[in-house]
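Input: a single structure, listed below in structure tokens.
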Amino acid sequence: AEIDRLERTARAVKLSQPRPHVVRMEVAERLCAAGREDGFDCRLVYSIFGSGEVLIDASIRPSPKLPPLPRIGLTMQVPAGFERFSWLGRGPHENYRDRNVGAAVGRYEADVDELYVPYIYPQENGNRTDVRWAALRDPCGRGLLAVAVGGMMEVSALHYTAADLTAARHTNELVRRDEITLNLDWRQSGLGGHSCGPPTLEKYLVPPRPVRFSVRLCPTDKDSRCSRPGAR
């Protein structure tokens with residue numbers, strides 16, 4: 001389906017200030033591979049507060065002609081130095097929708113390098129499910145806190161991008177990046193056992209259906225708490 005070659009086309013951008021200390025940016029965009037009609041219509045609303053918090057409301061409408069999707073979510077690059085990762089969700093080891101019974105919900109911490117799983121054939125790895133919040137911090141406790149709004153999310157943080165993992169055929173071909181790729185997913189597909197058994201069960205797939213999810217991003221230090229957006 002060539003969803004690894006998506007190109008972004010902005011359809012509309014609207015800025016407003018609904019109240020003091022709040023700026024709202026609405027972005028309508030189309031994601032589609034060149035030469036294809038099947039893609040994604042997206043509407044992202046960023047509410048930026050004077051405190052530095054950013055609330056992201058994402059509405060994603062995939063083409064119903066697409067096959068089941070690997071994932072739906074947001075991805076961003078975090079500068080080097082924010083290496084301490086903590087989360088409230090399933091852990092401590094990696095887990096997926098069809099691999100999480102043995103991963104208890106709790107509060108966990110690890111260095112970003114410890115989240116990487118060195119499969120001989122590089123592939124998606126390090127995911128955590130049922131995450132309520134996750135944070136990346138520097139040695140002084142300063143960093144970025146991501147909070148799932150109205151539900152839970154799936155999260156991974158790696159020194160490799162999805163493209164890096166796809167391009168490499170063996171672990172020695174991977175080149176560690178200084179920056180961190182942080183994935184905040186509404187949902188990621190289960191793994192199944194197709195390499196040596198049955199494919200992913202239908203209930204663990206991500207169908208091409210419209211979804212809406214929200215994530216709150218907060219600047220944080222070791223003593224701060226993320227307040228509720230709008231309570232200003």
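Note that this is a predicted model, so its numbers are computed, not measured.
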*Connected via hydrophobic side-chain network under 4.5 Å: V131 and V211*: yes
*Where G52 and P219 come nearest, the two heavy atoms and their spacing*: O-CD, 3.5 Å
*Keeping the roles fixed (side chain from R99, backbone from G192), state whether a donor-acceptor pair exists under 3.5 Å.*
yes
*Are I60 and L6 in one and the same hydrophobic cluster, where Ile, Leu, Val, Met, Phe, Trp and Tyr link if side-chain heavy atoms are under 4.5 Å apart?*
yes
_Common cluster, M25/V45, ILVMFWY with side-chain heavy-atom separation under 4.5 Å_ = no
*Start with the C-alpha gap between F85 and L115, add the side-chain angles, then the distance that decides, and say whether side-chain contact (heavy atoms from CB on, under 4.5 Å) holds.*
CA-CA 9 Å; F85 182 71; L115 305 176; 3.5 Å; yes
*Where do A157 and L136 come nearest, in terms of heavy atoms and distance?*
CB-CD2, 4.4 Å
*With sequence neighbours left out, write down each residue that passes salt bridge (charged side-chain N to carboxylate O under 4.0 Å, His left out) with R84, or none if nothing qualifies.*
E109, D111
*Of all the heavy-atom pairs spanning G89 and Y108, show the shortest one and how long it is.*
O-CE1, 3.4 Å
*Treat each ILVMFWY residue as a node, draw an edge where side-chain heavy atoms are under 4.5 Å apart, and state whether L191 and L205 are in one component.*
no
*Can you list the residues that meet the salt bridge (charged side-chain N to carboxylate O under 4.0 Å, His left out) rule with D41, with sequence neighbours excluded?*
R30
_Give me each pair satisfying ring-ring contact (aromatic ring centres under 6.0 Å, His included) with a member in residues 119-142, each pair once, sequence neighbours excluded._
none
*asked:* How long is the straight-line distance from OG1 of T220 back to CD of E53, given to the nearest 0.5 Å?
replied: 10.0 Å
*Which distance, rounded to the nearest 0.5 Å, do you find between the CE of M153 and the CD of Q188?*
13.5 Å
*What's the verdict on side-chain contact (heavy atoms from CB on, under 4.5 Å) for L55 and Y46, showing C-alpha distance, side-chain angles and the deciding distance?*
CA-CA 6 Å; L55 176 64; Y46 302 86; over 6 Å; no
*State whether a side-chain donor-acceptor pair under 3.5 Å links N183 with S156.*
yes
*So, do I3 and P70 sit near enough that their side-chain heavy atoms are less than 4.5 Å apart?*
yes
*Taking side chain as C-beta onward, heavy atoms only, is I48 less than 4.5 Å from V22?*
no
*Close side-chain approach of L201 to D98, heavy-atom, < 4.5 Å*: no
*Are V112 and L174 connected in a single hydrophobic cluster, I mean Ile/Leu/Val/Met/Phe/Trp/Tyr linked by side-chain heavy atoms less than 4.5 Å apart?*
no
*If a pair satisfies side-chain hydrogen bond (donor to acceptor under 3.5 Å, both in side chains) and one of its residues is in residues 8-17, list it, with sequence neighbours excluded.*
R8-E29
_Residue pairs fulfilling salt bridge (Lys or Arg N to Asp or Glu O under 4.0 Å) with at least one residue in residues 127-136, sequence neighbours excluded_ = R90-D130
*State, to 0.1 Å, how close L145 and A135 come at their nearest heavy-atom pair, and which atoms those are.*
CD1-CB, 3.8 Å
*N95: what forms a side chain to side chain donor-acceptor pair (under 3.5 Å) with it, not counting sequence neighbours?*
T129
*asked:* Looking at every non-hydrogen atom in both residues, tell me the closest pair between P18 and R24 and how far apart they are.
replied: CD-CB, 4.0 Å
_Tell me which pairs pass ring-ring contact (aromatic ring centres under 6.0 Å, His included) where either residue lies in residues 138-166, with sequence neighbours left out._
Y116-Y160
*Indicate yes or no: does R5 engage E7 in a salt bridge with an N to O separation below 4.0 Å.*
no
*Can you name the closest pair of heavy atoms from P207 and L69 and give their distance?*
O-CD1, 4.3 Å
*Mind checking the CZ-CZ spacing from R216 to F49? Nearest 0.5 Å is all I need.*
9.0 Å
*Is a side-chain donor-acceptor pair under 3.5 Å present for T181 with Q77?*
yes
*Any donor and acceptor pair, going by atom type alone, linking the side chain of D221 with main-chain N or O of G141 inside 3.5 Å?*
no
*OG of S47 to CD1 of I56: how many Å apart, nearest 0.5 Å?*
10.0 Å
*asked:* Rounded at 0.5 Å granularity, tell me how far CZ in R61 sits from SG in C42.
replied: 11.0 Å
*asked:* Applying salt bridge (Lys or Arg N to Asp or Glu O under 4.0 Å) as the test, list every pair that has at least one member in residues 141-170; sequence neighbours left out.
replied: D138-R142, D164-R177
_N/O donor-acceptor pair under 3.5 Å between N125 side chain and V117 backbone_ = yes
*If you measure from CZ on F213 to CG on L184, what distance do you get to the nearest 0.5 Å?*
8.5 Å
*With sequence neighbours left out, what residues match R71 under salt bridge (charged side-chain N to carboxylate O under 4.0 Å, His left out)?*
E124, D185
*Under the 3.5 angstrom rule, does the side chain of E173 hit a backbone N or O of T171 as a donor-acceptor pair?*
no
*Does W186 reach the side chain of V206, with side-chain heavy atoms less than 4.5 Å apart?*
yes
*Hey, mind stepping through V215 and V54 against side-chain contact (heavy atoms from CB on, under 4.5 Å) and telling me if it holds?*
CA-CA 8 Å; V215 177; V54 179; over 6 Å; no
_If the condition is side chain to side chain donor-acceptor pair (under 3.5 Å), which residues does S59 pass it with, not counting sequence neighbours?_
none
*Return each pair, listed once, that meets side-chain hydrogen bond (donor to acceptor under 3.5 Å, both in side chains) where at least one residue sits in residues 200-215; pairs must be two or more places apart or across chains.*
D57-S214
*Which residues satisfy the side chain to side chain donor-acceptor pair (under 3.5 Å) test with Q123, sequence neighbours excluded?*
none
